[in-house]
Amino acid sequence: MNVLVLGSGGREHAIAWKLAQSSQLENLYIAPGNPGTASLGVNVALSLTDFDGIASFALENNVQIVVVGPEDPLVNGIHDYFEDKEELSGITIIGPKKEGAIIEGSKDFSKAFMKKYNIPTAKYSSFSEENLESGYAYLEKMSPPYVLKADGLAAGKGVLILDDLNQAKSELRKMVAEKKFGEASSTVVIEQFLAGIEVSVFVITDGKSYKILPEAKDYKRIGEADTGLNTGGMGAISPVPFANRDFMDKVDNQVIIPTIKGLRAEGIDYSGFIFFGLISVKGDPYVIEYNCRLGDPETEVVMPRLKSDLLELFDGIATGTLSERDVQIDPRTASTVMMVSGGYPEDYEKGKVIKGLHAIEDSIVFHAGTKDDSGLIKTNGGRVLAVTSYGKDIETALKISYESAHKIQFENRYFRKDLGFDLIKKNQKT
Ligand code: AMP
Ligand code: GLY
C-alpha cells in the first residue's frame, strides 16, 4: 500500500516510523514532513490547506491511505473534500469528516453531546455577546477557579483558568465581545473546575467497532512540578499506573462506548482516531475534551508501544473490518522527553545547529521542529525533538531518555527534568 501522512511534527514522525515497519507498506510519503521523516519515506512540499494539491499528489502517486495528523485539515473538511470527488473515492482518509471533527472543533457542541449521552464531564453553560450578563451571573454562582473555554479552535490557547472573579468576568467579556481568540471565542463555555490527575486515552474506530490504544500522560506546563505556561506538551509516559483495569473499564463503559454510540445516534459517520482528554477525580473518569486526532507528544509513546501493524488497522478502517484486527501492546513503559528551544512557549530563536543526534543509540529521536540546512540539522520550532525510550518501569524509561537528551546539544535547549513526578509511586496522588 502507498500511504501519505499529513503533518510535520513529532506525532507525524512517530506515525511514519510505525508505518515504515509494516510489511504491507510500499511507498511512504509525508507532507510536508521533517528531516526525521525524510529517512523513512519521501517528504513532499505540500501545504495542509492545499486540498487540491494533496488530492492531485495522491492520485498521481496511487496513494490508497491518507493519514491526517493535525486537527485543522479535518475540521476544515479534508475528508469531505475527498469523499465528494468521484475520482478520489478509492482513497481512505484516516480522520473524521467535518461532522465528526466538530467534537474537537466546537466545545459547545461536545459539551452538549456529553450531556445528552450522559458522559461524565464538568457542569457547564455557554455564553456569547448577546447573553454576557447571564455569563457574569453564572460566574458569580460558581466558586473559583473559573474555567473559561473558547468554543472553537484557538491553537491550544483558548482555555483560561482564573482564580479571581473580576478577572474571570473581564476575560469573558474580552473573549466574546472583543474576540480575544477571534471567531473561536464568540461563544465561550464556562465550566466547573475539576481537581484530579489527567490522562489521555486514544481509540481507533471505523465507526462501528473500536480498539483502545495505549493510554498516556502528557506534561503540558513548561516548568517543573507542573508550573508556568501551558505548552504543546513537554513529555509523555505510557502506561499510566493509575489507569489500571478498574479505571479503564470505567473509561470504556462510561465514556468510550457512549461516545461511539452517541456519534452513531447523531448520524455522524466517524472514522479515525478519538482522543479522550480525561481527568481522574477520585478514580472516576471525566472528559475534559475530545480531539479528533492523536495527541502530541502522546503519539511518541503510543506508537512505540503498539506491537500490531498500524497499516493493518488503517486497512481495517478502509474495509470496515476493524473488529477483526488485533491490537497487541508492548508491556514495557515508554517515556518521551521533549527538547524545546529556550524561551518557548513564548518567543524563541530558530536556526540553532543540533549536535549529537548520531550518538543516540538507546532512544528513538522523533523530530518535532527541525530543518535540514544543507546537511546540517537545525532547530525550526519551539518543540524541537522528542526523545523516546523503553524501560521496565517509568524510572528506567525516563533515565534512558534523559541520558540521551543530555547528549543532544543546541544553544538554549531546555527540557523538564521531573517528568513522571506525579506517577512514580512515592509521589502518587491517585
Ligand atoms: P482543554 O484545551 O480543554 O484540554 O484544556 C486545557 C487544559 O486546561 C486541560 O488539559 C486541563 O489541564 C485544564 N482544564 C480544562 N478544563 C478543566 C476543568 N474543567 N477543570 C480543571 N482543569 C481543566
Ligand atoms: N498533547 C495534547 C494534545 O495533543 O492536544
Side-chain angles (χ1 to χ4, degrees), residues 7 9-12 14-15 68-72 74-75 101 103-111 114 119-126 139 142-163 168 175 181 184-185 188-202 213 215-222 226-238 240 273-282 284-303 336 338 340 345 366 368 382-383 386 419 422:
R11 167 180 50 208
E12 289 76 25
I15 293 170
V68 187
E71 63 279 14
D72 283 284
L74 296 168
V75 173
I103 62 170
E104 174 163 4
S106 168
K107 300 232 188 242
D108 188 33
F109 172 89
S110 62
K111 293 296 288 190
M114 287 185 257
I119 296 163
T121 189
K123 288 198 183 54
Y124 84 106
S125 205
S126 298
L139 283 169
M142 300 185 92
S143 42
Y146 305 96
V147 182
L148 308 183
K149 298 187 171 184
D151 170 50
L153 295 183
K157 298 194 171 75
V159 176
L160 300 179
I161 300 183
L162 304 160
D163 287 318
M175 287 168 92
F181 300 107
S185 68
V188 167
V189 166
I190 301 180
E191 69 178 33
Q192 170 203 12
F193 179 84
L194 297 174
I197 183 161
E198 287 175 57
V199 57
S200 306
V201 171
F202 303 95
L213 302 173
E215 80 286 351
K217 173 100 180 39
D218 166 27
Y219 291 82
K220 287 206 175 74
R221 302 292 199 95
I222 188 74
D226 287 344
T227 53
L229 294 173
N230 256 329
T231 69
M234 295 298 294
I237 289 170
S238 176
V240 179
F273 295 105
I274 308 179
F275 166 167
F276 299 87
L278 305 177
I279 192 155
S280 165
V281 181
K282 300 193 178 85
D284 285 322
Y286 287 77
V287 179
I288 293 270
E289 62 166 350
Y290 286 122
N291 294 307
C292 61
R293 52 167 172 91
L294 290 175
D296 194 351
E298 290 96 326
T299 306
E300 291 92 308
V301 287
V302 170
M303 287 301 141
T336 286
M338 189 63 81
V340 307
F366 295 117
R383 294 194 293 173
L419 300 181
D422 50 350

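Everything quoted here is computed from the prediction, not taken from an experiment. Atoms within a ligand are numbered from 1 in the order they appear, just like the ligands themselves.
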Do Val147 and Met142 come within less than 4.5 Å of each other through their side chains, counting heavy atoms only?
no
shortest atom 16 (N) of ligand 1-to-protein heavy-atom contact is with Lys149 NZ, 3.0 Å
Full working for ring-ring contact (aromatic ring centres under 6.0 Å, His included) between Phe275 and Tyr290:
CA-CA 6 Å; Phe275 166 167; Tyr290 286 122; over 10 Å; no
Considering the heavy atoms of Lys107, write down every atom of ligand 1 situated less than 4.0 Å from one of them.
1 (P), 2 (O), 3 (O)
Between Pro297 and Gly232, the two heavy atoms sitting closest are CD-O, 3.9 Å
Go through ligand 2 atom by atom and flag the ones less than 4.0 Å from a non-hydrogen atom of Arg293.
3 (C), 4 (O), 5 (O)
If we number the atoms of ligand 1 from 1 as shown, the ones under 4.0 Å from a heavy atom of Lys220 are 10 (O)
Could you tell me whether the side chain of Ile103 reaches within less than 4.5 Å of the side chain of Ile274, counting heavy atoms only?
yes
For ligand 2, the portion of Glu104 having any non-hydrogen atom under 4.0 Å away:
neither
Can a donor-acceptor pair be found between the side chains of Asp218 and Ser200 at a distance below 3.5 Å?
no
Going by heavy atoms in the side chains, are Leu160 and Met175 under 4.5 Å from each other?
yes
Check each heavy atom of Glu298 against ligand 2 and say whether those closer than 4.0 Å belong to the side chain, the backbone, both or neither.
side chain
Salt bridge Glu198-Lys220, side-chain N to carboxylate O under 4.0 Å:
yes
To atom 22 (N) of ligand 1, the nearest of Val159, Val147, Ile161, Asp218 on a heavy-atom basis is Ile161
Among all protein non-hydrogen atoms, which one is nearest to atom 10 (O) of ligand 1, and what is the separation to 0.1 Å?
Glu198 OE1, 2.8 Å
Taking C-beta and beyond as the side chain, do Asn291 and Phe273 meet within less than 4.5 Å on heavy atoms?
no
N/O to N/O below 3.5 Å, does that happen between Asp296 and ligand 2?
yes
Is any side-chain heavy atom of Arg11 closer than 4.5 Å to one of Arg293?
yes
Is there a protein heavy atom at a distance of less than 4.0 Å from atom 7 (C) of ligand 1?
no
Numbered in order shown, the ligand 2 atoms found under 4.0 Å of a heavy atom of Asp218 are 1 (N), 2 (C)
Taking N or O atoms only and a 3.5 Å limit, does Gln192 qualify as a polar contact for ligand 1?
yes
May I ask you to identify the nearest protein heavy atom to atom 19 (N) of ligand 1, giving residue, atom name and distance to one decimal place in Å?
Glu191 OE2, 2.7 Å
For Gly295, counting its heavy atoms only, list the atoms of ligand 2 lying under 4.0 Å from any of them.
4 (O)
Ligand 2 contact by Gly232, heavy-atom criterion under 4.0 angstrom:
yes
Among Ile288, Ile197, Leu160, which residue places a heavy atom closest to atom 23 (C) of ligand 1?
Ile288
Interfacing atoms of ligand 1 (cut-off 4.0 Å, heavy-atom, Phe193):
20 (N), 21 (C), 22 (N)
In sequence, state the C-alpha distance, the side-chain angles, and the governing distance for Met338 and Thr231, and then conclude on side chain to side chain contact (heavy atoms under 4.5 Å, CB included).
CA-CA 11 Å; Met338 189 63 81; Thr231 69; over 6 Å; no
Atom 21 (C) of ligand 1: nearest protein contact (heavy atom, Å)
Leu194 O, 3.2 Å
Check whether any side-chain heavy atom of Asp284 sits under 4.5 Å from a side-chain heavy atom of Tyr286, and report yes or no.
yes
